Amino acid sequence: MRIVLCYPVQPQHVARIQAAAADCEIVDAGQERIAELLPTADIYCGHAKVPVPWPEVVAAGRLKWIQSSAAGMDHCLTPEVIGTEIPVSSASGVLADQVADHTMALLLGLLRSIPEFVEAQKKREFIRLPTRDLCGAKVGIVGLGANGRRLTDVLAPFKTTMIATDYYPRDKPDCVAELLPHDALDQLLPACDIVILTAPLNDQTRGMIAAEQLAQMKPGAVLVNVARGPLVVESDLVDALESGHLGGAAVDVTEIEPLPQDSRLWDAPNTLITPHVGGQKASRIDDMTDLFCLNLKRYFAGERLVNLVDKRLGFPTPEDSLRTFMRNCI
Ligand SMILES: NC(=O)C1=CN([C@@H]2O[C@H](COP(=O)(O)OP(=O)(O)OC[C@H]3O[C@@H](n4cnc5c(N)ncnc54)[C@H](O)[C@@H]3O)[C@@H](O)[C@H]2O)C=CC1
Ligand SMILES: O=C(O)C(=O)CO
């Protein structure tokens with residue numbers, strides 16, 4: 001069997017994968033050779049950022065399992081892959097701490113006017129500027145998976161009131177006041193001072209925040225997107241910021257990445273943009289390799305994969321999540 005890798009492994013990671021899959025040939029394709037080598041894979045672990053010939057890969061009939069090295073599955077859940085029996089597992093949970101940290105950095109930076117203070121600092125100006133409070137705010141979280149749940153832990157001490165929506169509205173964390181079904185967005189939006197997007201990108205969520213939803217948000221409310229850019233219709237977001245209806249936006253992800261030089265978002269008022277770094281983490285490759293090795297052992301033992309994705313939905317069910325696996329291990 002041949003395992004093809006497309007995440008930035010080093011020799012020690014390859015050695016660990018080899019130990020977990022003794023009889024397999026391991027090929028580190030990297031981004032440079034993934035399009036060429038994926039059709040030769042029995043098992044694929046990675047996140048190709050270049051176009052991959054999925055119809056050819058599926059037609060070759062060789063691929064038996066995809067382990068994504070990303071939590072977002074939009075890079076590999078093409079119609080061809082969804083239409084096969086090939087199991088797909090996600091990296092959900094591996095980056096949740098960092099995405100929560102980054103969300104807090106964006107949110108607090110925006111509310112406490114940090115970019116304006118940095119600008120003033122550069123000019124050696126010691127001036128007071130208006131700031132806004134996180135404490136006491138009503139925060140809506142759209143998507144209570146690994147990232148959304150970790151974010152509720154981190155937000156809890158800030159004396160906010162949290163409400164959330166999720167596709168599986170169960171196991172409400174104690175710190176969340178209300179957990180609503182995914183189609184109750186029109187209840188969440190008008191109620192919140194801050195709305196944070198942590199849902200996956202799929203046919204249902206693409207463009208879920210457009211002019212109509214932005215108009216439902218409270219005047220002065222803030223939108224934070226740490227999920228995927230296409231959840232939001234970016235031109236509508238810029239309109240809502242320019243009109244002053246929204247009080248600000250913080251985005252780690254944009255419709256097109258890198259954000260095009262001529263995008264209106266660059267100049268939108270009260271907007272913080274980071275270049276999709278929410279999941280950056282010192283131990284990311286080590287932790288991803290841990291998850292892959294765990295799943296390799298389970299795969300060869302004929303056991304159910306951790307983070308097995310429901311391909312129809314595009315994310316793992318709560319029962320298959322890494323969170324449930326970890327809870328059952330304790
Ligand atoms: N900014 C970054 O660097 C990162 C971004 N991400 C993005 O964040 C997303 C979420 O990551 P995880 O929490 O790990 O995924 P996850 O798979 O653990 O959770 C997704 C959650 O969203 C819920 N959901 C699905 N459709 C929904 C809808 N229409 N409305 C509300 N909730 C819905 C699901 O029930 C699930 O609980 C990923 O799909 C990925 O696109 C993930 C990691 C890093
Ligand atoms: O894991 C993901 O989906 C990411 O976006 C990481 O950068």
Side-chain angles (χ1 to χ4, degrees), residues 7-8 45-49 67-77 88-106 140-153 163-173 176 179-189 195-209 213 224-232 250-254 257 273-281 284-285 287-288 291 306-326:
Y7 71 108
C45 177
H47 176 187
K49 294 178 179 164
Q67 169 66 64
S68 168
S69 63
M73 302 305 292
D74 41 298
H75 68 100
C76 64
L77 280 187
V88 176
S89 45
S90 91
S92 164
V94 172
L95 309 173
D97 287 339
Q98 284 66 28
V99 174
D101 287 1
H102 197 74
T103 307
M104 295 307 294
L106 287 172
I141 301 174
V142 179
L144 217 50
N147 293 352
R149 281 176 188 266
R150 175 62 191 148
L151 187 56
T152 65
D153 295 341
I163 63 174
T165 57
D166 194 73
Y167 201 85
Y168 294 100
R170 50 191 198 229
D171 299 330
K172 183 181 77 59
V176 172
L179 176 52
L180 302 164
H182 69 102
D183 53 5
L185 196 58
D186 54 354
Q187 267 176 263
L188 178 143
L189 294 174
V195 175
I196 304 175
L197 306 179
T198 48
L201 175 63
N202 57 32
D203 289 346
Q204 224 171 34
T205 60
R206 186 178 295 275
M208 74 195 298
I209 304 292
Q213 290 71 28
V224 181
N225 187 3
V226 287
R228 284 290 182 267
L231 263 57
V232 179
V251 299
D252 183 45
V253 286
T254 52
E257 293 179 8
I273 304 167
T274 52
H276 201 147
V277 290
Q280 281 188 6
K281 168 185 193 182
R284 178 169 180 168
I285 306 306
D287 295 351
M288 184 56 228
L291 175 62
V306 174
N307 272 346
L308 183 69
V309 167
D310 178 334
K311 289 198 285 183
R312 196 179 45 89
L313 296 175
F315 52 90
T317 64
E319 290 70 27
D320 283 320
S321 67
L322 180 62
R323 160 177 93 251
T324 300
F325 175 79
M326 301 294 274

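All figures in this text were calculated on a predicted structure; none of them were measured in a lab. Note: hydrogens, waters and symmetry copies are ignored here, and every other heavy atom, side chains too, is used. In listed order, ligands and their atoms are each counted from 1.
Residue Thr205 has no nitrogen or oxygen atom sitting less than 3.5 Å from a nitrogen or oxygen atom of ligand 1, judged on distance alone. Checked against a 3.5 angstrom limit, the closest N/O atoms of Phe315 and ligand 1 fall outside it. Here's the thing with Asn147: one of its N/O atoms is less than 3.5 angstrom from an N/O atom of ligand 1. Among the atoms of Val226, some N or O lies under 3.5 angstrom from an N or O of ligand 1. Ligand 1 has no N or O atom lying under 3.5 Å from any N or O atom of Thr198, backbone or side chain.
In this comparison of Met73, His276, His182, Arg150, the heavy atom closest to atom 28 (C) of ligand 1 sits on His182. Among Asp166, Asp310, Leu151, Asp74, the residue whose heavy atom sits closest to atom 36 (C) of ligand 1 is Asp166. With distances taken over non-hydrogen atoms, the option nearest atom 3 (O) of ligand 1 out of Pro318, Gly279, Ala100 is Gly279. For the residues Pro230, Gly143, Ser92, the heavy atom positioned nearest atom 32 (N) of ligand 1 is part of Gly143.
The residue Gln280 has no part lying near ligand 1, judged by heavy-atom distances below 4.0 Å. Contact annotation for Leu185 and ligand 1: no heavy atom of the residue comes within less than 4.0 Å of the ligand. Contacts between Asp252 and ligand 1, counted as non-hydrogen atom pairs separated by less than 4.0 Å, involve the side chain only.
For Ser90, the closest heavy-atom approach to ligand 1 does not fall below 4.0 Å.
Listed by chain and residue number, His182, Phe315 satisfy the ring-ring contact (aromatic ring centres under 6.0 Å, His included) test with Tyr167 (two or more places apart in sequence, or in another chain). Residues passing the salt bridge (charged side-chain N to carboxylate O under 4.0 Å, His left out) test with Lys311, sequence neighbours excluded: none. Under the salt bridge (charged side-chain N to carboxylate O under 4.0 Å, His left out) criterion, Asp74 pairs with Arg228, not counting sequence neighbours.
Remark: the backbone N or O of Val251 is not paired with any side-chain donor or acceptor of Asn225 at under 3.5 angstrom. The closest donor-acceptor contact from the side chain of Thr324 to the backbone of Pro318 lies under 3.5 Å. Judged by distance alone, with hydrogens and angles left aside, the side-chain atoms of Thr274 form no donor-acceptor pair with the main-chain N or O of His276 at under 3.5 Å. Under the 3.5 Å distance criterion, the side-chain polar atoms of Arg150 are left unmatched by any main-chain donor or acceptor of Asp97.
Around ligand 2 you find Ala70, Ala71, Gly72, Leu95, Arg228, His276, Arg284, each with a heavy-atom distance below 4.0 Å.
Between atom CE of residue Met288 and atom SG of residue Cys45 there is a gap of 4.0 Å, rounded to the nearest 0.5 Å. For the atom pair Met208 CE and Leu185 CG, the distance stands at 5.0 Å (nearest 0.5 Å). Atom NZ in Lys172 sits 13.5 Å away from atom CG in Asp166 (nearest 0.5 Å). Expressed to the nearest 0.5 Å, how far CD1 of Ile141 lies from CG of Leu179 amounts to 10.5 Å.
For Asp183, the CG atom sits in a packed shell: over 12 heavy atoms of surrounding residues, nucleotides or ligands are nearer than 6.0 Å.
Of all protein heavy atoms, the one lying nearest to atom 24 (N) of ligand 1 is Pro200 CD, 3.8 Å.
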